[in-house]
Amino acid sequence: GAVVSQHPSRVICKSGTSVKIECRSLDFQATTMFWYRQFPKQSLMLMATSNEGSKATYEQGVEKDKFLINHASLTLSTLTVTSAHPEDSSFYICSAPSRGNTGELFFGEGSRLTVL
Amino acid sequence: AQTVTQSQPEMSVQEAETVTLSCTYDTSESDYYLFWYKQPPSRQMILVIRQEAYKQQNATENRFSVNFQKAAKSFSLKISDSQLGDAAMYFCAYRSPLWGFGNEKLTFGTGTRLTIIP
(Lines give C-alpha, C1' and ligand atoms only; values in the text may rest on other atoms or scores of the structure.)
Protein backbone atom coordinates (compact mmCIF):
# COMPACT_ATOMS: atom_id res chain seq x y z
CA GLY A 1 0.00 0.00 0.00
CA ALA A 2 0.93 3.64 -0.32
CA VAL A 3 3.38 4.94 2.24
CA VAL A 4 3.11 8.57 1.17
CA SER A 5 -0.30 10.09 0.63
CA GLN A 6 -0.92 13.32 -1.23
CA HIS A 7 -4.10 15.36 -1.33
CA PRO A 8 -5.87 16.63 -3.35
CA SER A 9 -5.16 14.64 -6.47
CA ARG A 10 -6.74 17.28 -8.66
CA VAL A 11 -7.53 20.90 -8.03
CA ILE A 12 -8.84 23.65 -10.24
CA CYS A 13 -8.69 27.22 -9.07
CA LYS A 14 -9.12 30.72 -10.35
CA SER A 15 -6.17 32.93 -11.08
CA GLY A 16 -5.12 34.90 -8.02
CA THR A 17 -6.28 32.38 -5.44
CA SER A 18 -4.12 30.16 -3.24
CA VAL A 19 -4.08 26.40 -3.20
CA LYS A 20 -2.73 24.06 -0.52
CA ILE A 21 -1.45 20.58 -1.23
CA GLU A 22 -0.82 18.14 1.61
CA CYS A 23 1.73 15.36 1.75
CA ARG A 24 1.59 12.79 4.54
CA SER A 25 3.92 9.97 5.41
CA LEU A 26 1.94 6.96 6.55
CA ASP A 27 3.25 4.76 9.35
CA PHE A 28 6.64 6.40 9.38
CA GLN A 29 8.17 9.71 10.30
CA ALA A 30 9.78 11.94 7.72
CA THR A 31 12.00 14.76 8.92
CA THR A 32 12.62 15.60 5.29
CA MET A 33 10.27 15.62 2.34
CA PHE A 34 10.85 16.71 -1.22
CA TRP A 35 8.53 18.59 -3.55
CA TYR A 36 8.88 18.03 -7.27
CA ARG A 37 7.15 19.65 -10.21
CA GLN A 38 6.48 17.90 -13.49
CA PHE A 39 5.34 19.59 -16.67
CA PRO A 40 3.59 17.51 -19.36
CA LYS A 41 5.90 14.98 -20.97
CA GLN A 42 8.85 16.22 -18.94
CA SER A 43 10.88 15.00 -16.05
CA LEU A 44 10.53 15.69 -12.36
CA MET A 45 12.27 18.84 -11.25
CA LEU A 46 13.06 19.35 -7.59
CA MET A 47 11.45 22.50 -6.25
CA ALA A 48 12.35 22.40 -2.60
CA THR A 49 13.34 20.34 0.38
CA SER A 50 10.90 20.47 3.26
CA ASN A 51 12.52 20.23 6.69
CA GLU A 52 10.52 19.44 9.81
CA GLY A 53 10.65 22.29 12.26
CA SER A 54 12.73 24.59 10.09
CA LYS A 55 12.63 26.54 6.87
CA ALA A 56 12.42 24.82 3.54
CA THR A 57 15.37 24.87 1.19
CA TYR A 58 14.44 26.03 -2.29
CA GLU A 59 16.16 25.17 -5.55
CA GLN A 60 17.53 27.94 -7.66
CA GLY A 61 14.84 29.74 -9.61
CA VAL A 62 11.95 28.66 -7.39
CA GLU A 63 10.11 31.57 -5.80
CA LYS A 64 9.84 30.86 -2.10
CA ASP A 65 7.14 33.50 -1.63
CA LYS A 66 4.98 31.87 -4.27
CA PHE A 67 5.52 28.28 -3.17
CA LEU A 68 5.17 28.24 0.59
CA ILE A 69 6.25 25.05 2.28
CA ASN A 70 5.43 24.12 5.84
CA HIS A 71 6.60 20.98 7.60
CA ALA A 72 4.87 21.31 10.92
CA SER A 73 5.01 17.69 12.00
CA LEU A 74 7.01 14.55 11.32
CA THR A 75 4.27 13.21 9.05
CA LEU A 76 2.94 16.24 7.22
CA SER A 77 4.35 18.72 4.74
CA THR A 78 2.22 21.22 2.87
CA LEU A 79 2.84 23.18 -0.31
CA THR A 80 0.81 26.32 -0.80
CA VAL A 81 0.80 27.92 -4.21
CA THR A 82 -0.01 31.55 -3.51
CA SER A 83 -1.66 33.93 -5.96
CA ALA A 84 -1.74 31.18 -8.52
CA HIS A 85 -1.48 31.98 -12.22
CA PRO A 86 -2.04 29.80 -15.29
CA GLU A 87 1.71 29.23 -15.63
CA ASP A 88 1.65 27.53 -12.23
CA SER A 89 -0.54 24.81 -13.69
CA SER A 90 1.43 21.62 -13.37
CA PHE A 91 1.72 18.25 -11.67
CA TYR A 92 3.19 18.47 -8.18
CA ILE A 93 4.63 15.38 -6.49
CA CYS A 94 5.89 14.99 -2.96
CA SER A 95 8.24 12.33 -1.70
CA ALA A 96 9.87 11.12 1.48
CA PRO A 97 13.04 9.09 2.00
CA SER A 98 12.81 5.49 3.06
CA ARG A 99 13.82 5.04 6.68
CA GLY A 100 15.73 1.91 5.84
CA ASN A 101 19.02 1.72 3.99
CA THR A 102 17.53 1.19 0.54
CA GLY A 103 18.06 4.82 -0.36
CA GLU A 104 14.81 5.05 -2.27
CA LEU A 105 12.20 7.78 -2.11
CA PHE A 106 8.55 7.01 -1.62
CA PHE A 107 6.30 9.17 -3.77
CA GLY A 108 2.83 10.52 -3.26
CA GLU A 109 0.18 10.10 -5.91
CA GLY A 110 0.72 13.62 -7.18
CA SER A 111 -1.54 16.64 -7.47
CA ARG A 112 -2.62 18.12 -10.76
CA LEU A 113 -3.14 21.84 -10.44
CA THR A 114 -5.05 23.74 -13.09
CA VAL A 115 -5.25 27.49 -12.77
CA LEU A 116 -7.91 29.13 -14.89
CA ALA B 1 26.30 18.84 -9.50
CA GLN B 2 25.21 15.46 -10.64
CA THR B 3 23.47 15.04 -13.98
CA VAL B 4 21.53 12.16 -15.44
CA THR B 5 21.04 11.68 -19.17
CA GLN B 6 18.57 9.48 -20.96
CA SER B 7 19.19 9.70 -24.69
CA GLN B 8 16.11 7.77 -25.82
CA PRO B 9 12.94 9.87 -25.54
CA GLU B 10 10.85 6.99 -26.88
CA MET B 11 11.26 3.26 -27.30
CA SER B 12 8.95 0.53 -28.45
CA VAL B 13 9.13 -3.22 -28.16
CA GLN B 14 7.06 -6.16 -29.24
CA GLU B 15 5.24 -7.94 -26.45
CA ALA B 16 7.35 -10.80 -25.01
CA GLU B 17 10.55 -9.34 -26.47
CA THR B 18 13.43 -7.70 -24.65
CA VAL B 19 14.23 -4.00 -24.57
CA THR B 20 17.08 -2.00 -23.08
CA LEU B 21 16.77 1.58 -21.87
CA SER B 22 19.93 3.64 -21.62
CA CYS B 23 21.08 5.98 -18.87
CA THR B 24 24.34 7.76 -18.23
CA TYR B 25 25.23 10.00 -15.34
CA ASP B 26 27.94 12.29 -14.19
CA THR B 27 29.24 12.50 -10.64
CA SER B 28 32.43 13.02 -8.69
CA GLU B 29 31.25 10.82 -5.83
CA SER B 30 32.63 7.32 -5.52
CA ASP B 31 29.58 5.86 -3.86
CA TYR B 32 25.95 6.57 -4.65
CA TYR B 33 22.60 5.03 -5.43
CA LEU B 34 21.03 4.59 -8.85
CA PHE B 35 17.40 3.85 -9.52
CA TRP B 36 14.94 3.17 -12.27
CA TYR B 37 11.45 4.43 -11.60
CA LYS B 38 8.39 3.73 -13.69
CA GLN B 39 5.59 6.26 -14.16
CA PRO B 40 2.48 4.73 -15.73
CA PRO B 41 -0.44 6.86 -16.99
CA SER B 42 -1.68 7.15 -13.39
CA ARG B 43 1.47 9.29 -12.77
CA GLN B 44 2.32 7.31 -9.62
CA MET B 45 6.09 6.85 -9.37
CA ILE B 46 6.96 3.19 -8.87
CA LEU B 47 10.42 1.90 -8.02
CA VAL B 48 11.55 -0.70 -10.53
CA ILE B 49 15.09 -1.46 -9.42
CA ARG B 50 17.95 0.01 -7.43
CA GLN B 51 21.72 -0.33 -7.48
CA GLU B 52 24.33 0.70 -4.95
CA ALA B 53 27.51 1.82 -6.65
CA TYR B 54 29.84 -0.09 -4.34
CA LYS B 55 28.21 -3.35 -5.37
CA GLN B 56 29.74 -4.78 -8.51
CA GLN B 57 26.96 -7.27 -9.06
CA ASN B 58 24.18 -6.02 -11.32
CA ALA B 59 20.80 -5.78 -9.64
CA THR B 60 17.97 -8.00 -10.82
CA GLU B 61 14.27 -7.94 -10.02
CA ASN B 62 12.35 -10.64 -11.84
CA ARG B 63 12.14 -9.53 -15.50
CA PHE B 64 14.09 -6.36 -14.83
CA SER B 65 17.86 -6.20 -14.68
CA VAL B 66 20.50 -3.54 -14.99
CA ASN B 67 23.87 -3.30 -16.64
CA PHE B 68 25.87 -1.11 -14.30
CA GLN B 69 29.18 0.08 -15.72
CA LYS B 70 30.70 2.28 -13.03
CA ALA B 71 33.77 3.37 -14.96
CA ALA B 72 31.66 4.37 -17.93
CA LYS B 73 29.00 5.88 -15.64
CA SER B 74 26.34 3.92 -17.42
CA PHE B 75 23.24 2.32 -15.91
CA SER B 76 20.96 0.66 -18.46
CA LEU B 77 17.73 -1.17 -17.73
CA LYS B 78 16.83 -4.40 -19.48
CA ILE B 79 13.24 -5.55 -19.52
CA SER B 80 12.77 -9.16 -20.55
CA ASP B 81 9.55 -10.76 -21.74
CA SER B 82 7.92 -7.34 -22.11
CA GLN B 83 4.31 -7.15 -21.04
CA LEU B 84 1.57 -4.66 -21.85
CA GLY B 85 1.67 -3.45 -18.28
CA ASP B 86 5.26 -2.34 -18.74
CA ALA B 87 4.13 0.55 -20.92
CA ALA B 88 5.09 3.72 -19.07
CA MET B 89 7.62 6.50 -18.72
CA TYR B 90 10.85 5.22 -17.24
CA PHE B 91 13.12 7.56 -15.31
CA CYS B 92 16.69 6.92 -14.33
CA ALA B 93 17.66 8.63 -11.08
CA TYR B 94 20.77 9.34 -9.03
CA ARG B 95 21.13 9.78 -5.30
CA SER B 96 24.03 10.78 -3.13
CA PRO B 97 25.14 8.28 -0.50
CA LEU B 98 24.87 10.92 2.22
CA TRP B 99 21.98 11.16 4.64
CA GLY B 100 20.35 14.22 6.12
CA PHE B 101 20.23 17.87 5.08
CA GLY B 102 18.32 16.97 1.94
CA ASN B 103 20.97 14.68 0.53
CA GLU B 104 18.37 11.99 -0.03
CA LYS B 105 16.94 13.89 -3.00
CA LEU B 106 16.84 12.24 -6.40
CA THR B 107 18.10 13.76 -9.62
CA PHE B 108 16.14 12.44 -12.56
CA GLY B 109 16.90 11.96 -16.22
CA THR B 110 14.51 13.23 -18.85
CA GLY B 111 12.74 9.91 -19.17
CA THR B 112 12.05 7.32 -21.84
CA ARG B 113 8.52 6.56 -22.95
CA LEU B 114 8.18 2.83 -23.50
CA THR B 115 5.44 1.50 -25.75
CA ILE B 116 4.60 -2.19 -25.87
CA ILE B 117 3.32 -3.45 -29.19
CA PRO B 118 0.81 -6.31 -28.86
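Letters go in sequence order (proteins before strands), and every chain restarts at 1.
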Select one option (side chain, backbone, both, neither) describing which atoms of [X] are under 4.5 Å from chain B's heavy atoms.
X        : value
A:Glu104 : both
A:Leu105 : both
A:Thr49  : side chain
A:Ser9   : neither

Would the number of heavy atoms belonging to other residues, nucleotides or ligands and lying under 6.0 Å from [atom1] of [X] be above 12?
X       : atom1 : answer
A:Lys20 : NZ    : no
B:Gln57 : CD    : no
A:Met45 : CE    : no
B:Lys73 : NZ    : yes
A:Lys66 : NZ    : yes
A:His85 : NE2   : yes

Starting from [Y], can I reach [X] by hopping between I/L/V/M/F/W/Y residues whose side chains sit under 4.5 Å apart?
X       : Y       : answer
B:Leu84 : B:Phe64 : yes
A:Phe67 : A:Tyr36 : no
B:Val48 : B:Val66 : yes
A:Leu79 : A:Leu76 : no

State, yes or no, whether a side-chain contact exists between [X] and [Y] at a heavy-atom distance under 4.5 Å.
X        : Y        : value
B:Thr110 : A:Gln42  : no
A:Thr32  : B:Phe101 : no
B:Gln44  : A:Gln6   : no
B:Phe35  : A:Thr102 : no

Relative to chain A, which of B:Met89, B:Glu52, B:Arg50 shows the most heavy atom pairs under 4.5 Å?
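That would be B:Arg50.
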Who among B:Lys105, B:Gln6, B:Arg95 has the most heavy-atom pairs with chain A under 4.5 Å?
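Highest number of heavy-atom pairs under 4.5 Å: B:Lys105.
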If you look at every heavy atom in A:Ser43 and B:Gly109, which pair is closest and at what distance?
OG-O, 2.5 Å
Scan residues 30-40 of chain B for pairs that pass side chain to side chain donor-acceptor pair (under 3.5 Å), counting only residues two or more places apart or in two chains.
A:Gln38-B:Gln39, B:Tyr25-B:Tyr32
Main-chain N/O of A:Glu109 paired to B:Arg43 side chain as donor or acceptor, under 3.5 Å
no
What is the distance from atom CG of B:Leu106 to atom CZ of A:Phe107, rounded to the nearest 0.5 Å?
5.0 Å
Measure the CZ-CE distance between A:Phe106 and B:Met45 for me, rounded to the nearest 0.5 Å.
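Rounded to the nearest 0.5 Å, the CZ-CE separation comes to 13.5 Å.
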Heavy-atom contact with chain A under 4.5 Å, split by part of B:Leu47:
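Just its side chain gets close to chain A.
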Whatever's closer than 4.5 Å to a heavy atom in chain A on B:Phe108 counts as both
Do you know which of A:Leu44, A:Leu46, A:Thr57 has the most heavy-atom pairs under 4.5 Å to chain B?
A:Leu44
